[in-house]
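We count ligands from 1, going down the list as the structure has it; atoms in each ligand are counted the same way. For the numbers below, each heavy atom of this structure counts, side chains included, while hydrogens, waters and symmetry mates do not. Everything quoted here is computed from the prediction, not taken from an experiment.
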Amino acid sequence: MNNKKKFSLNKPKKNNTFVWIFFIFVVVFFLIYLFIPTLNNGKSVPISTLIVDLKSNKIKQLTIYQTYATATLKNGTLINSNLGSPTNPTSIFTSNGVNLSKYNNITIAQNPTLSASDIITLIFILVIVLTTWYTVRQFKSAGNGGGIFSMGESKAKLFIGSKQSIKFDGIAGLVEAKEEVFEIVDFLKNPKKYSDLGARIPKGVLLVGPPGTGKTLLAKAIAGESGVSFFSTSGSEFEEMLVGAGASRVRDLFSKARKSSPSIIFIDEIDAVARKRGYSIAGAHTEQTLNQILVEMDGFDTSTNVIVIAATNRPDVLDPALLRPGRFDRTIMLSLPDLEERKSILRLHSKNKPMGKDLDFDKIAKRTIGFSGADLENVLNEAAILTAKKELKTITEVEIEEAATKVVMGPAKKTSRTEDEKKIVSYHEAGHALVSKFLPESDPVHRISIVPRGMSGGATMYLPTQDNYLYTKTKFQTMITHMFGGRAAEKIIFDDITNGASDDIKKASEMARRMVTEFGMSDLIGPIEFGNDEEAGYYGNVEKNYSEETSSIIDKEVSKILNSSYKKALDILSKHKNILDAIASKLIEEEVLEGEDFNKIVDSMLNVG
Ligand code: ATP
C-alpha cells in the first residue's frame, strides 16, 4: 500500500469563497437599488407639510403611492413624504380635509416593482458575474493554487521522505542499477561520513532507458530508502504554461529543494528541456530553462545535500554541457528486462492478485519478450480486469494470454467485414505463418489471429525461444521473408494484391535499409555506415553523409534484399499451396489458431505429402 503523503509546495491557498459571496451580494443589492424606481431623491418632508403645500396650490404634480407620496412643486423643488402602511393611502389626505377629486394634478399609483425586462437584465448581469468568478477560479486551480498569478512557481510535489513507501524491494530486477545508486542512498543518510573525507558525491544522476523500465520507480526508491524529501517534476512541466516561465520554475524548484535538504529532485523527460542548444525546436526559452538548471547545479557546494536525478530515453539529444563533471556525471542505463527479470517483475506484481495455482511464470516470461516492466504490470492488471468481467475468482493463463495480446495490439474490435475480406485476411496471416515454418532461422509461431485489433486486421505472433541481442544477416533476411508471406499469399491465391501488406512492406524496407546502411551487410557496399546528420536534420532538412551515386547503389542493394525475400516467400507458398488453403480455412472457421495446432496441421500434411 502506498501511504506517501503529498502536499503542495505553493503558498497555502486562501479560501476566497467568502469574499466572492460577499462581492456577489453587494452586486445584487446594487443592481436592485439601480433597477427599482424609488423616491424621487427629493427632500423628505412630513405629510402635514405636503398637505399644506397642496392646499396652498404650490404643487405642480403629486403622485400618491401605497406607502409614500412624491411631489414636484411649481418652483421645481422635489419633495416626498412617508405615508406609513395605511390600508388606503388617500384616506390620509381626505381625513385632513383634502378633496382629491378637485385636483387634476394628482395620480394614484401602486408601489413600483421590477418589470419583466428589468428581471431579465438583472439575471444577465448576474450570469456574467458568476461566469467571471468561475473562470478565475478554474485558472487558479489549473495553476495548482497559484495559476496565472504564480506561474513561476514550480509544480514539483514534495513527498515527506520518511513517508515515501517505495523501497528497493519494490523493484524487481535492476540489480546493477540498485547497486550503483546504493552509495547515493548512503550519502543522503550519512552526509557527514563523506564530507569528513572531503568526498564529492555526484550532484546529478542520469537514468537512461526505454519507457516503462522503472526509471521513476528507481528515483522514488532512492528517496524512500534514504528517507529524504522527494521533489518530482517533468521537463515538459517547465514549459507548459507560458513561454519563459521555465527558468523561474527551475529557480523555485531548486530553492525549495535546498530548503528541504537533504533532498532529491527528480526531473522526468529531461530531454524536453535539455536538448543540444541551438537545435531545439522549442527555441530560446527552452535554452533558458536548461541554462537555469546548469546554473543551479553549479551553485551546489559540498554542504548542499541535494541530488538531481533526471530520466530520459533520448540521451543522444541531450546537451553535452549537461553531462560534464559536476553535473549529470553519472549515467545509469536501464534496459528492457531479461527473462529472469520479467519473471521477478511478474511475481512482484502478482502478489496482490489471486493467481491460478498452476500458472507458469516461466512460460509467461518467455511469452513476453520485449515487454517493459510497465507492460508486464499492465498485463497482470488487464488479466485481473478480464477475470473480474468473467466473474471468475482466479487469474488463469487464458486471461494472461488475452491481456498480453491486448497490451501489444490493442483491444479486439468488432468491425463488420465482408466474407471476402475475411478470406483475404485469413490467407494473408496463413501466408506469414507458413513461410516462417519453412525458414530454419525463424522463431516458432505462437498464435495466428484474424481478430481485428487496433490498426491491424489480423496478426501472426511469434515466440522467440530466448532473449536475443545479436541478429545475424540470415535472421534479418528470414524476418523480411516471412513479413512478405502475407503479400505473397494474396498474390498466389487471388492473383491480386491489397493494401493490407503496407505495414509489412514498411517494416521490411526499414530493416533492409538498416542492413545496408548501418550494419554493413551488403556484399557490394561493404562495412560502411551511411547516415544522416541527426542534428542538421533536426528541422527535417536531412543531410546525407554520402553522395548521390552511393545513394543509388544503396537503393539497389535494399531493393535486391526485398525482392529476393519476396520471391522466396512466393516460392515457399506456391510449393505448399494445399497447406496454405488448409490453414486459411481453419482461420476462417475459428478466427484464432494456436501455434501448436498450426504445427500439427502443417506437420501432418507434410508427412502425408
Ligand atoms: P517513462 O520513461 O515512461 O517515464 P519509467 O522508466 O519512468 O517510464 P516507471 O514509471 O518507473 O517507468 O515504471 C512504470 C511502472 O512499471 C511502475 O510503476 C511499475 O509498476 C512498473 N515497473 C517498471 N519496472 C519495474 C521493475 N523493475 N520492478 C517492478 N515494477 C516495475
Side-chain angles (χ1 to χ4, degrees), residues 1-4 6 155-157 159 164-182 184-185 204-225 230-240 264-275 308-318 328 331-353 355 361 364-365 368-385 395 400 403-404 406-408 467:
M1 206 182 75
N2 192 351
N3 59 353
K4 68 183 176 241
K6 295 187 217 177
K155 289 166 76 183
K157 294 156 229 119
F159 296 81
Q164 178 62 263
S165 60
I166 300 174
K167 298 271 167 65
F168 284 158
D169 59 8
I171 305 178
L174 301 185
V175 179
E176 293 87 3
K178 282 192 248 180
E179 269 167 19
E180 281 205 58
V181 296
F182 182 75
I184 295 174
V185 173
V205 178
L206 190 65
L207 303 178
V208 177
T213 43
K215 299 183 289 295
T216 312
L217 202 60
L218 186 62
K220 283 182 179 172
I222 297 171
E225 285 286 341
F230 183 69
F231 294 80
S232 162
T233 186
S234 96
S236 50
E237 262 181 39
F238 285 122
E239 299 306 315
E240 76 184 8
I264 285 176
I265 293 177
F266 176 64
I267 308 176
D268 204 0
E269 304 167 29
I270 182 107
D271 45 285
V273 284
R275 281 183 180 264
V308 188
I309 302 178
T312 183
N313 47 27
R314 291 296 314 272
D316 51 318
V317 300
L318 294 183
F328 290 96
T331 302
I332 297 175
M333 308 292 292
L334 275 67
S335 48
L336 288 173
D338 62 19
L339 181 71
E340 285 308 315
E341 285 177 315
R342 287 196 299 278
K343 263 194 256 178
S344 53
I345 294 173
L346 287 164
R347 280 207 190 89
L348 183 84
H349 287 289
S350 58
K351 268 187 191 156
N352 61 347
K353 296 183 180 67
M355 310 301 284
F361 282 106
I364 305 171
T368 47
I369 289 179
F371 282 47
S372 67
D375 290 335
L376 294 170
E377 196 262 342
N378 201 2
V379 166
L380 290 177
N381 188 45
E382 285 293 340
I385 293 172
I395 301 171
I400 301 246
K406 188 176 169 189
V407 166
V408 179
D467 291 12

(request) With rounding to the nearest 0.5 Å, note down the distance linking CZ in Phe168 to CG in Leu217. (result) 10.5 Å

(request) Taking all non-hydrogen atoms of both residues into account, name the closest pair between Phe328 and Ala310 and its distance. (result) CE2-CB, 3.5 Å

(request) Please report the shortest heavy-atom distance between Ser350 and Leu380, naming the atom on each side. (result) N-CD1, 3.8 Å

(message) So which atom in Ala311 and which in Asp268 form the shortest heavy-atom distance, rounded to 0.1 Å?
(response) CB-OD1, 3.5 Å

(request) Let me know which protein residues bring a heavy atom to under 4.0 Å of ligand 1; chain then number is fine for ordering. (result) Gly170, Ile171, Ala172, Leu174, Pro211, Gly212, Thr213, Gly214, Lys215, Thr216, Leu217, Asp268, Ile345, Leu348, His349, Gly373, Ala374, Glu377

(request) Taking all non-hydrogen atoms of both residues into account, name the closest pair between Lys343 and Phe361 and its distance. (result) CG-O, 3.8 Å

(message) Glu341: which residues meet the side-chain hydrogen bond (donor to acceptor under 3.5 Å, both in side chains) condition with it, sequence neighbours left out?
(response) none

